[in-house]
Amino acid sequence: MPNSVITRFAPSPTGFLHIGGARTALFNWLYAKHTGGKFLLRIEDTDQKRSTDDAIDAIYEGLSWLGLDWDDEALSQHARLKRHQAVAQDLLSNGLAYKCYCSPEELQDMRQIAKAEGRTRLYDGRWRDRDPSDAPTGVEPVIRLKTPLQGETVIGDVIQGEVRVSNEQLDDIVLLRADGSPTYMLAVVVDDHDMKISHVIRGDDHLTNAFRQVQIYNALNWNLPVFAHMPLLHGTDGAKLSKRHGALGVEAYRSMGILPEAMNNYLLRLGWSHGDDEIISQDHAIRWFDVKDVGRAASRFDMEKLTSVNGYYIRHADVDYLVSLILPIIQKNFKGKLADQGVDRLKNGMVSLRERAKNILELAENATFYALPRPISYDAKATKLLAGSAVAVLEELRSAFLNLQDWVQTELEIVVNDHALATEAKLGKIAQPLRAAVTGRTVSPGIFEILEILGKDEVLGRLDDAIEAHTT
RNA sequence: GACCCCUUCGUCUAGUCAGGCCUAGGACUCCAGAUUUUCAUUCUGGCAACACGGGUUCGAAUCCCGUAGGGGUCACCA
């Protein structure tokens with residue numbers, strides 16, 4: 001059976017797509033692409049109280065931003081309630097499951113005793129073989145799976161290897177709650193089976209759940225999917241990333257100016273590698289990625305490395321793409337006040353600009369002087385630089401520029417250099433005030449490039465503005 | 001606590017399956033230097049690790065055992 005690989009990402013709608021979930025989704029997506037299979041999305045919204053449309057949208061948006069498109073319609077687990085119930089009923093009528101009438105208090109006590117005695121098996125199976133006529137009236141039972149008492153349950157995990165646990169450790173799990181809703185354990189198994197999921201790739205916090213799920217598969221006499229439990233992503237402190245730990249949603253990184261390509265690349269390198277390769281294009285990722293190569297150790301999330309990868313992607317990104325990303329930011333910051341030639345200037349200056357930014361926010365900030373109309377504002381350092389004798393320098397430059405016919409970088413450089421020689425000043429002494437006058441800042445791309453892109457009229461105008469603003 | 005998983009520079013990792021090519025390689029960070037009109041890029045160099053203890057072997061980061069540390073899971077949550 002060629003092309004039988006079907007993977008899935010099954011997040012619960014908690015309000016955002018967090019970074020660990022994004023990595024899980026990425027690995028599932030890559031594996032599907034690598035094998036020419038399908039990647040499906042299922043929303044685990046069994047708990048209706050906790051899932052909202054907004055939360056579901058956040059997942060869609062997060063995945064879309066990362067470019068992790070899914071095949072077919074996203075499936076809502078909740079919509080499959082009837083099927084889950086039917087499966088539980090089958091199990092019940094086949095004698096593979098039973099009704100349990102324990103009260104929450106009873107269970108609580110049982111658990112305490114079991115823990116005190118150091119046992120893992122928390123439920124003692126007291127209703128397992130009890131006569132149904134003993135059932136108390138007025139109590140809705142839960143349905144529990146009759147799990148094997150002896151032997152062991154084994155998982156051949158692609159990442160973790162063979163993991164086995166004694167069945168004595170596993171108690172009879174609840175399949176259907178008293179209100180008739182399925183538990184997560186039942187729902188995943190039924191859904192994964194019905195969706196024909198071939199590979200279950202998920203965080204290894206599910207590894208111990210997998211044993212219980214295997215028991216459900218076995219009771220149903222269904223084929224097992226291939227399991228791949230990938231190590232968790234940890235925070236800088238080494239603990240599991242969680243909301244409490246300040247784990248952020250992918251949209252938070254987006255608003256920090258991280259590029260989705262960089263995010264994917266960074267996430268991919270956490271727990272997986274291809275020799276010494278650091279920058280891996282999506283094409284290569286698809287070609288090279290295989291779940292079996294995922295490591296078993298958890299890794300920590302490192303913002304500095306992400307930032308560095310992000311810088312690389314910005315430096316190598318397409319000019320128009322970058323302009324389209326920063327334009328809305330600049331317009332938002334300055335209320336749409338854009339110079340007529342603003343966009344052209346941004347495009348012309350972008351190659352130099354992109355080498356100087358670690359993220360899109362910074363890029364937008366550094367590019368602003370191109371986009372805004374006169375008069376520009378000066379930051380504190382620029383203001384300081386323009387005080388005193390700088391005005392005289394600007395005036396001299398202004399008249400030198402005035403006569404320049406061929407307004408190109410090389411010519412401009414000659415003019416400024418000549419001026420430096422004539423006044424026996426160091427180039428820096430002249431270039432810095434010029435930079436401050438023209439960009440409003442002390443840091444920018446090469447000054448001659450800027451002069452050319454801005455154009456003669458604009459430069460002369462900005463010099464006038466600066467002279468006027470700083471003449472005392 | 002019980003069960004399961006993990007352990008190479010501060011971090012991500014190569015090397016571990018098929019022991020010698022490893023005086024352990026790369027990347028990020030940091031430091032120094034070169035380039036330079038500022039900043040950045042780029043380039044060069046540097047600091048820095050096989051958790052520990054036993055074995056097996058001519059030889060172990062690699063195999064075995066133990067210890068320590070870290071993580072995960074133990075719900076009528078997902």
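The chains referred to below are lettered A, B, ... by the order of the sequence lines, with proteins before strands, and numbering in each begins at 1.
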Proximal nucleotide (of C76(B), G72(B), A78(B)) relative to the Arg144(A) side chain: C76(B)
Hey, does the side chain of Ser273(A) come within less than 4.0 Å of A14(B)'s phosphate (OP1/OP2), counting only N and O? yes
Among C76(B), C12(B), U38(B), which nucleotide sits nearest the side chain of Arg111(A)? C76(B)
Whichever of Ala116(A) and Gly271(A) has the more 5' nearest nucleotide on RNA chain B, that residue is Ala116(A)
Please produce a list of atom pairs where a protein N or O lies less than 3.5 Å from an N or O of nucleotides 5-9 of chain B.
unit_1: C5(B); atom_1: O2'; unit_2: Gln160(A); atom_2: OE1; d: 3.4
unit_1: C6(B); atom_1: OP1; unit_2: Arg296(A); atom_2: NE; d: 3.1
unit_1: C6(B); atom_1: OP1; unit_2: Arg296(A); atom_2: NH1; d: 2.9

Heavy atoms under 4.0 Å, any strand shown: does Cys100(A) hit a base, just sugar-phosphate, or nothing? nothing
Using 0.5 Å steps for rounding, measure from the CE atom of Met230(A) to the CZ atom of Arg296(A). 15.0 Å
Quick one: which of C3(B), C39(B), A78(B) gets closest to the side chain of Met185(A)? A78(B)
Can you check nucleotides 32-37 of chain B for protein contacts, nitrogen or oxygen pairs under 3.5 Å, and list what you find?
unit_1: U37(B); atom_1: O2; unit_2: Arg435(A); atom_2: NH2; d: 2.4

Any idea which of A78(B), U73(B), A2(B) is nearest the Glu44(A) side chain? A78(B)
Can a side chain N or O of Lys358(A) be found less than 4.0 Å away from OP1 or OP2 on C39(B)? no
Taking any heavy-atom pair under 4.0 Å as a contact, classify His229(A): base, sugar-phosphate, or nothing. nothing
Does the side chain of Gln409(A) pick up a donor-acceptor pair with the side chain of Glu452(A) at under 3.5 Å? no
Side-chain N,O (Thr183(A)) to OP1/OP2 (A75(B)) below 4.0 Å: no
Would you tabulate the pairs of protein nitrogen or oxygen atoms and nucleotide nitrogen or oxygen atoms of nucleotides 20-26 of chain B closer than 3.5 angstrom?
unit_1: G25(B); atom_1: N2; unit_2: Asp276(A); atom_2: OD1; d: 2.8
unit_1: G26(B); atom_1: N2; unit_2: Glu278(A); atom_2: OE2; d: 2.9

What is the separation between atom CD1 on Ile143(A) and atom P on A75(B), rounded to the nearest whole Å? 20 Å
In terms of side-chain heavy atoms of Ser12(A), which of A40(B), C3(B), A78(B) is nearest? A78(B)
Base, sugar-phosphate, or nothing for Ser308(A), non-hydrogen atoms under 4.0 angstrom? sugar-phosphate
Does G66(B) have a Watson-Crick or wobble mate here (both distances under 3.5 Å), and if so which one? C52(B)
Touch class at under 4.0 angstrom, heavy-atom based, for Arg315(A) against every strand present: sugar-phosphate
What's the closest nucleotide to the Arg300(A) side chain, out of U29(B), U13(B), U11(B)? U11(B)
Determine whether the aromatic ring centres of residues Tyr101(A) and Trp127(A) are separated by less than 6.0 angstrom. yes
Taking only side-chain N and O atoms of Arg202(A), does any of them lie within less than 4.0 angstrom of OP1 or OP2 on A78(B)? no
Which part of the nucleic acid, if any, lies within contact of Val142(A), taking any heavy atom under 4.0 Å across all strands shown: a base, the sugar-phosphate backbone alone, or nothing? base
Side chains of Val200(A) and Val226(A) in contact at under 4.5 Å (non-hydrogen atoms): no
With the side chain of Glu355(A) defined as its heavy atoms from C-beta on, choose the nearest nucleotide among U13(B), U41(B), A2(B). U41(B)
Report yes if the distance between the aromatic ring centroids of His419(A) and Phe401(A) is under 6.0 Å, otherwise no. no
Return yes if the base of A78(B) and the side-chain atoms of Asn209(A) contain a donor-acceptor N/O pair under 3.5 Å, otherwise no. yes
Candidates G72(B), A78(B), C12(B) - which lies nearest the side chain of Leu270(A): C12(B)
Proximal nucleotide (of U11(B), A75(B), U38(B)) relative to the Asp302(A) side chain: U11(B)
Does one side chain, of Gln215(A) or Asn167(A), offer a donor that lies under 3.5 Å from an acceptor on the other? yes
Do Arg269(A)'s NZ or CZ and the ring of Tyr266(A) fall within the cation-pi criteria of under 6.0 Å and 45°? no
Nearest-nucleotide pick for Ala178(A), side chain only, options being U41(B), C76(B), C3(B): C76(B)
So if I apply the salt bridge (charged side-chain N to carboxylate O under 4.0 Å, His left out) rule between Asp172(A) and each of Arg128(A), Arg144(A), Arg212(A), Lys146(A), which one comes out positive? Arg128(A)
Atom pair distance, as rounded to whole Å: OH in Tyr123(A) and P in C74(B): 19 Å
